[in-house]
Amino acid sequence: MNLETRARIEDLINSHSIMVFMKGTKLMPQCGFSNNVVQILNALGKHFETFDVLSDMDIREAIKEYSNWPTIPQVYLKGEFLGGSDILIEMYNSGELLEKLEIALAS
Amino acid sequence: MVHPEEVKALIKSSLPDAMVNVEDINGGGDHLNVNVVSSTFAGLSRVQQHQLIYRALAKELASESIHALALKTSTP
């Protein structure tokens, strides 16, 4: 990944408390896994930003390298990689996600 | 597509103690539900646990012969 792309990724994840790289948009997810993440964050009522990787091939490939994670969606909380759809579902079901978001957003 | 048995073998080759269950969601072989139980996961974060599996399946994921992978990991 080139430096410019890395800088764009870092800018996105550092400028938004909850940043989601996904296929499609919040209103029109283009993949079931991306949709799962949007539904979960909506259900918890937290504000989040999304980036549509289908609109940008550079980011789409670079984000996988950045996190050493081969799939999309990817969720970042205060710059930290939290996981993809399966992890979010698990954390949501256990109540851990809400707790983690509230602590991070309060600080 | 990848046969569920191949996916199982790939995971077991990097985590020999793992109990692996692979479910082919739509019969096409490229949408898989994978459940892995291994003592290797002890002490690792969920992200790290999934990364171990992704690493074992790197080639298949990169070529999109596995298009969608729902993954669940746990310790025995």
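Convention: sequence-line order gives letters A, B, ...; per-chain numbering from 1.
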Which residues in residues 49-56 of chain A have a heavy atom less than 4.5 Å from any heavy atom of chain B? none

Using salt bridge (charged side-chain N to carboxylate O under 4.0 Å, His left out) as the criterion, list what pairs up with K26(A), not counting sequence neighbours. none

Chain B against chain A: donor-acceptor pairs under 3.5 Å:
from   : atom 1 : to     : atom 2 : distance (Å)
S67(A) : O      : Q51(B) : NE2    : 3.2
N68(A) : O      : Q51(B) : NE2    : 3.1
T71(A) : OG1    : Y54(B) : OH     : 3.4
D86(A) : OD2    : L71(B) : N      : 2.7
E90(A) : OE2    : R46(B) : NE     : 3.1
E96(A) : OE1    : R46(B) : NH1    : 3.3
E96(A) : OE1    : R46(B) : NH2    : 3.0
E96(A) : OE2    : R46(B) : NH1    : 3.4

Given that the side chain runs from C-beta out, which part of L82(A) has a heavy atom under 4.5 Å from chain B: side chain, backbone, both or neither? backbone

Among C31(A), G83(A), P70(A), G32(A), who wins on heavy-atom pairs under 4.5 Å with chain B? P70(A)

Which ring-ring contact (aromatic ring centres under 6.0 Å, His included) pairs, counting each pair once, include a residue from residues 27-48 of chain A, with sequence neighbours left out? none

Give the cluster check for L105(A) versus L97(A): same hydrophobic cluster or not, with ILVMFWY residues linked at side-chain heavy-atom distances below 4.5 Å. yes

Please identify, among L57(B), L69(B), L61(B), the residue contributing the most non-hydrogen atom pairs under 4.5 Å to chain A. L69(B)

So, the part of A68(B) with a heavy atom under 4.5 Å from chain A: the answer is both

Please determine whether residues V38(A) and L44(A) belong to a single hydrophobic cluster, defined as Ile, Leu, Val, Met, Phe, Trp and Tyr linked transitively by side-chain heavy-atom distances below 4.5 Å. yes

Are V37(B) and I87(A) connected in the hydrophobic side-chain network, where two residues link if heavy atoms are under 4.5 Å apart? no

